[in-house]
Amino acid sequence: MEGLHNSVAEDQARQAEVQRVKQLVMEAIGSEVEQIAELFVSKKDHELFGRTEFQLRDLLLKLGARAIEVVLEDRKKGGTKAAAQPARSARAMPALSIGGTGG
């Protein structure tokens, strides 16, 4: 029963951390989201593909880079509260058979 309680507590702590990081990222990417909205508003239906797709891609890459920056800055400050998940153990590799069957 204690294992179940720990699992629930870990899940709750993880979810709280997800919400904290989500808020941090959302605050940081507001400028990029506004630029994306401005891009869409400035285009007519027939202009949404082609060049606009590349402009959107560039803005999304910028947004992603900003999100990574803010998360790394937060981690450097020690902002991560949730415990790191343990690494999974490696599976044993099957033995290799070199050569053919005897006979």
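Quick caveat: nothing in here was measured; it's all calculated off a predicted structure.
- With sequence neighbours left out, Val21 forms a side-chain contact (heavy atoms from CB on, under 4.5 Å) with Glu17, Val25, Val71.
- Clustering of Ile, Leu, Val, Met, Phe, Trp and Tyr side chains at separations under 4.5 Å leaves Val18 isolated, with no partner residue.
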Just do the salt bridge (charged side-chain N to carboxylate O under 4.0 Å, His left out) check on Glu73 and Lys76 with the steps written out, would you? CA-CA 5 Å; Glu73 288 171 11; Lys76 285 181 184 178; over 6 Å; no
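- Checked against salt bridge (Lys or Arg N to Asp or Glu O under 4.0 Å), Glu38 has no partners two or more places apart in sequence or in another chain.
- Checked against side-chain hydrogen bond (donor to acceptor under 3.5 Å, both in side chains), Glu27 has the following partners two or more places apart in sequence or in another chain: Gln23.
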For residues 45-61, which side-chain N or O atoms pair as donor and acceptor with protein atoms under 3.5 Å away, sequence neighbours left out?
{"residue": "Glu47", "atom": "OE1", "partner": "Lys44", "partner atom": "N", "Å": "2.8"}
{"residue": "Thr52", "atom": "OG1", "partner": "Glu47", "partner atom": "O", "Å": "2.4"}
{"residue": "Glu53", "atom": "OE1", "partner": "Gly50", "partner atom": "N", "Å": "2.8"}

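- Using a 4.5 Å cut-off between side-chain heavy atoms of Ile, Leu, Val, Met, Phe, Trp and Tyr, Leu72 falls into a hydrophobic cluster with Ile68.
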